[in-house]
Structures are given as C-alpha cells and as structure tokens.
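A, B, ... follow the sequence lines: proteins, then strands. Residue 1 opens every chain. No experiment lies behind these values; they were computed from the predicted model shown.
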Number of protein chains: 2
Amino acid sequence: MAASTLSEVARLAGVSLATASRVLNGSTRKPAEDIAERVREAADKLGYVPNAQAQALAKSSSGLIGLIVHDIADPYFSAIARGVQEAAHQQNRMVLLASTSGAPADEKEAVAAFAARRADSIVIAGSRSVRTEDKQGNTELAAELDRYCRNGGHVGVVGHPVVGASTDEGYHVVKVPNEELSAGLAAELAATHEGSFLIVAGPEGLYTSDDRVRGFQRGLADAGRPTAEVIRTGFNRAGGYEAGLALAERIKASKERLCIFAVNDVMAIGVTAALRPEGVWIPRDATIAGFDDIETLRDFRPALSTVHLPLEDIGRLAAGDPDTPPVSGAVKLRRSTETPVESQV
Amino acid sequence: MAASTLSEVARLAGVSLATASRVLNGSTRKPAEDIAERVREAADKLGYVPNAQAQALAKSSSGLIGLIVHDIADPYFSAIARGVQEAAHQQNRMVLLASTSGAPADEKEAVAAFAARRADSIVIAGSRSVRTEDKQGNTELAAELDRYCRNGGHVGVVGHPVVGASTDEGYHVVKVPNEELSAGLAAELAATHEGSFLIVAGPEGLYTSDDRVRGFQRGLADAGRPTAEVIRTGFNRAGGYEAGLALAERIKASKERLCIFAVNDVMAIGVTAALRPEGVWIPRDATIAGFDDIETLRDFRPALSTVHLPLEDIGRLAAGDPDTPPVSGAVKLRRSTETPVESQV
DNA sequence: TTCATATGGGAAAGCGCATTCCCGTTGCAA
DNA sequence: TTGCAACGGGAATGCGCTTTCCCATATGAA
C-alpha cells in the first residue's frame, strides 16, 4: 500500500509540507486561496490520499470505533451494528468489527486489538456472562477494559456492565430494561392465559437471559400465578429448536394449553419450528412469546408476540450518539399468544 | 488515547528500543531468552499495548480489511459479513465496516476512507448498478478503486465487476452464477407449474436483479414457456410488499394460479406479507419463489422455494480466503411452490 | 595467539503527517 | 517615517514503531 505522500504534493505545488498539510487536511490556519488552489491541484494530479495511520499517529486520535458482537450474522447484533454504524458515520468515524461468539477471552483479544488501533471508543454488545467457565476470561476482559479506559478510551456496553469492571471514567452502560419488560409481558399474558407458563431460557449465568427469566417470574407472581418451569438451553435458534423437540410430546400429552416464553425471538422461532412437524400448532395447542422483536422475523406466521427493543437506537446510544432517545421497549402481543376464542384454527 | 510506549518499556527493561521491539512485536531476530523475559515483564507491568497505527506506518501494512455493504442489518449482507469476518480473523486482520445504502457515490467515499487507512484489501458486496443516476458515482468509484489497486491494494467484488473499472492488478471478482441458477429455478418450476409466471424484480440497471430476471426468462424460454411479465420495484422487503399489494386484486380476479419469482428472498417475503391479509394464500392461490436462501427466513411458512447461495463462503472468497470452495448455488424447492395436488389447503 | 566469522545488542534513520516555533511581509496607527 | 501587530509560509520536531546498519563480543579455525 504505497501511495503518494503529502511531501510529494507539497513539492509539486512548490510549497512546504506544513502548508500542504494545512490546505488538505484541515487546520485552524487557512493558507491563501491561490496557494491552496495550487496545492489542491497538485494533490488531485497525484491522486493523493492522506494516510490516516500517520494522521492518527500525529494527532493521536484514530477516528475508529470498535464494535464487539457475538455474531454479526445474528439479526439481533446486525440491528445493533446498524445503529453503531450510523452513529459512527455521524461522528465521521469508521467502525471496526469483531465477532467473538460471546467468549470473554475472545472479547478481551478484541479489546486489546482495538486498543492497539487506538480506537476512540469501543462498543460491546452481547450478553454478559457469569458462568464459571468464563470467570477468568471476564477478569481479563475487565482488566483490559480498565486499562483502555484509563488510557482515555470510551466504552459503551449494551445491557449489563462487564463483570468485574471498576466503573471507571469513560465507561458507560446502555441499560436495557429486560427485567421490567419481561414482567410487563408476563402481566399481559397472564391477563388472558389461564394455564401454566414455561420459560425456555439460555444457559444460567447469561445476564440477559437471567434478567428476562427473573422479570417474567416476577410478573407472574404479581399476577398471582405460580412460578414457571424453566428449561435451560442454547441462547439461539438451535437451543430453541432443541427445547421444542423436548417439549413436543409433553404438550401433546397434556390437556392444557401451555404458554411458552422464549427469552429471545430466534429461540421462539426455533421452538416453533421444532413443534410444527410434531403437529403442535401455535397458538392452537400452545402459545409462545419471544423477546427483541427482530425485524426480519416480523413476517413470520403466526406473528410472534414479543417485546420490542429499539435495537438500532441501542447501538447508537452505545456508540455515544447524544441525540438518541433513551431505551424504551414495548410489549407486542400478536397472534402467537392469542386466546382460543379469537383464534380460528 | 495515550498509553505506555515501547520506549518506556525498553527503558524499564534496560534495553534498547530495537531489542524491545524485537521481543514484543515479532521479528526474524530473536534476542536472548533472559533479555526477552525482562522485556516481557516490563511490558506486562506497564500494560503495554503496541500502537498499531505506528506499526502500520512503520511497516506499511495495516492489517485492515475494508468491507462495503448496502446495509449491515440486511441478512444477505450480514451473512456475507460473517464470511469476511472469518476470513479476516484467519488472516489475523480486522474488518472495517462501511454501509452505503448502495449509492456508488457513498461507496467511493468508503473506498477513499479505506485507502486512507491503508486497508490491505477491500471487499465490495451489493449489486452493481448501471442506472443513469449512478453514472457519475460509478465513474468516480471506478477511478478510486483503480487508484487504490495501483497503489497495491486488493479488491474483491461480490457478483459483478464495478462498472467502468479497468480490470487491473489486484482486482478480483467473486462470480455469482445468478443467471444460471435463475434459469435452473425456472426450469424446475416450469416442470410442475402449468400457468403463467411473473417476476418481481428490482429496479432496472441493478445487475444482480437483471441477471436473475434474464436467467429466469431464459429458463422459461428453454422450457417452451412464454416470457414472464416483470414488475419493477424496490430491491428489498418494502419493494416486495408494494408489488404484493399491486398484485393482490389481480390474483384474486384471475382463475389461474400465478407463479411469482421474486428476485430475492426478502422481496418474496414482502410479496407474501402483502398478499396474506388480502386473502391470497401461498401456495393455494399463487406460488412464489425467492433467491438467496437467507438463513433467518428458513423457518418462514410456507417454506420459501429459493436458490441457495453460500453467502458466507462468498464473503470468505471475496476476502481472499484461499481454501474456500468456489461458489455453487442450488435450487431449493419448498412448500411455497408446491403444486395443488400435493398441497393441503 | 590471531584473524575470520557468527552472534546479538544498540544507534539512528525513516514511515507520513500535525504542529510548534520562527521569521519575513504587510497593514495600519502614531 | 517608524513601530508594532497581524498574517502567512517554512523549518524542524515528534507521534511510536520497524529495520537497517554498525559495533562489541564470543567462537572457531589456523
């Protein structure tokens, strides 16, 4: 990657390096218009492209914003990524992407890499975990983040604080009211659903999942309902599918219509997909609700009841966009949890 | 973003800058083990993080790979992005993201920004366009890319060559057999479908869309069928939805079962979504096929007939991964195009 | 013992740019 | 006419690192 340099431009224009820099790359001092024109012409003729690395080095600010997600192809993350991207664009920065499949150890690597690139800020999306196997990874991640912040970096975390991070300068959490919203969902569901509830959750220790479970249970309790059984599985479609398979027989055997709360939309879809070939229809034989309100899944039928989350805004907020409204979700009851009376089988 | 520097480490370890560099950041020359240990300790104590900008500047290679997509939240692009990300990870690079909504002018900006950051290579995903409004943008984009390549950059384009780019050194197109696959889809559909066909396409001038239309028409012709009518609309869900609205009355009025080919999956979903509330059911009243085989949409019902594209592999290939198999798609006939006999309404 | 040959550390020259000084001009008031 | 401020351009320094070149020491053969 060689290219023409500023000094080449300066020489061609017959001015000094300093002047060329002032003309081309913005400065408080504006050289005279005729000189500026000469420089611009020279730059144009040479196809000059400023070396951002060198600029960053010289003024120690890279114009980079690092984004850490579990999997960029997951619609949840790609929606957040879009928000981050937009914020970055507004701030005239570029986003650096890292996918980590959620392992804190990988996330630590990513943070280090971002720090190495002197990213101005880092956004971490994806649920925090307190699982024991992640213990060490979490500690290291926290240390890495602390160091990054101490060196002047800004960190935006979606959802929960990074486990063990000392809430330092520049450290900033976009709170997602998972628990409240889940409670709200439970309340609304309890209002129309008579039978029992069941929760298909992610592995224990995943904050997002745990919060939603807790909130849902609280909502049930507030509505005078018994605690729901919780099935633990993977926090993704595959996990939901597995749970669905495990549930099919049981649903068919039981007389009552079970109401399933999958802690996110893709899991709900997975459950439904597993149930369908078994002849278990939603909402006829069981009802189901998800969480996130993933855009791509909105055309899914039966329309999935869920909790809307402004994922794009969340991304924007985490990326430090000042004029993004605070996070506020909303329960969306749709066909998948309709009561039998209204439903036409 | 200040942090401890290599020279601080060197001083603390009591060695020279050169030695510290050799120990910490890899070199052909390996200093003695005891010295190396001292340096590593010092680095650790200071929390040294190498400045990648400075490294890039010094060895003129940034370890960056730029990715240009229309919209990162679009599942088509996020799947490709995942592939790129994986390839980058293998190559020990990071991916820089840019979303451009498909405007060549924006893409040109993005290329310039990547070039400024001295990205080692650039991947451009998203259909090329020859629409007149994009004429100038295309020219500029081509010029920018040419310059980038001439300076030693590598470019990987998904689908079609960038309009007007002189096929230079370092310029590399991942061919997607859109036309052939569409022809194959048409052939398979023609084998079971008696009635007429209709194509819901993107705006004229969008290569991907045009290729798929052309292929489909060819496939029909080869099967002895008349040319299908083509409806032009947006190349996204909204476009499909619009087309669906426009088609509803017509389908209801007609006696025959129309077979619709939407040139991509999200458009197909859009069409279906518009048709459903009108009482037009798939595949009872009309059949529909898409293209891409988007993962998130696989649980959609009726299951969408489509053409599978190995999007992740495409991303990998475009990012220059050597051991990724060449692109090969496959027609997937599913429920949405089943013939009446087999379908249970 | 002596000279040629590794071996390994250090000094220094950049990489491409921003920026701080410095200095020659110019404009204007005194 | 003189003096001073304001202006605008240039030389030089440094951002943090890699890498070449040089030099001191250790090693082996003669």
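- Computed from coordinates, the A:Leu24 CG to C:dG16 P distance equals 16 Å when rounded to whole Å.
- At a threshold of 4.5 Å between non-hydrogen side-chain atoms, the residues A:Val327 and A:Asp313 do not count as touching.
- Nucleotide D:dC17 holds its P atom 20 Å from the CZ atom of B:Arg118, rounded to whole Å.
- Where B:Val15 and A:Leu57 meet DNA chain C, the nucleotide closest to each residue was compared, and B:Val15 sits on the side nearer the 5' end.
- Rounded to whole Å, the distance from CG on A:Leu6 to C1' on D:dG9 is 14 Å.
- With rounding to whole Å, A:Arg117 atom CZ is found 14 Å from D:dC17 atom C1'.
- The line from CD1 of A:Ile124 to CG of A:Leu141 is 5.5 Å long, rounded to the nearest 0.5 Å.
- Between the OG atom in A:Ser7 and the OH atom in A:Tyr48 there is a gap of 9.0 Å [rounded to 0.5 Å].
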Step-by-step side-chain contact (heavy atoms from CB on, under 4.5 Å) determination, B:His160 to B:Val173: CA-CA 7 Å; B:His160 265 281; B:Val173 178; 5.9 Å; no

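- A heavy-atom distance below 4.5 Å is not found between the side chains of B:His89 and A:Asp106.
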Using atom names, set out every protein N or O paired with an N or O of nucleotides 19-21 of chain C below 3.5 Å, distance rounded to 0.1 Å.
from	atom 1	to	atom 2	distance (Å)
C:dC21	N4	A:Arg29	NH1	3.4

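- Residue A:Asp34 contributes atom CG, which lies 8 Å from atom P of D:dG9 at whole-angstrom precision.
- Between B:Asp323 and B:Asp321, the closest side-chain pair of non-hydrogen atoms falls below 4.5 Å.
- Listed by chain and residue number, nothing satisfies the side-chain hydrogen bond (donor to acceptor under 3.5 Å, both in side chains) test with A:Glu8 (two or more places apart in sequence, or in another chain).
- Taking every heavy atom of residues 35-56 of chain B and every atom of DNA chain D, pairs under 4.0 Å involve B:Tyr48, B:Pro50, B:Asn51, B:Ala54, B:Gln55, by number.
- Here the straight-line distance linking atom CE of B:Met94 with atom CG of A:Leu97 works out to 7.5 Å at 0.5 Å rounding.
- At the phosphate of D:dG10, OP1 or OP2 sits under 4.0 Å from a side-chain N or O atom of A:Ser16.
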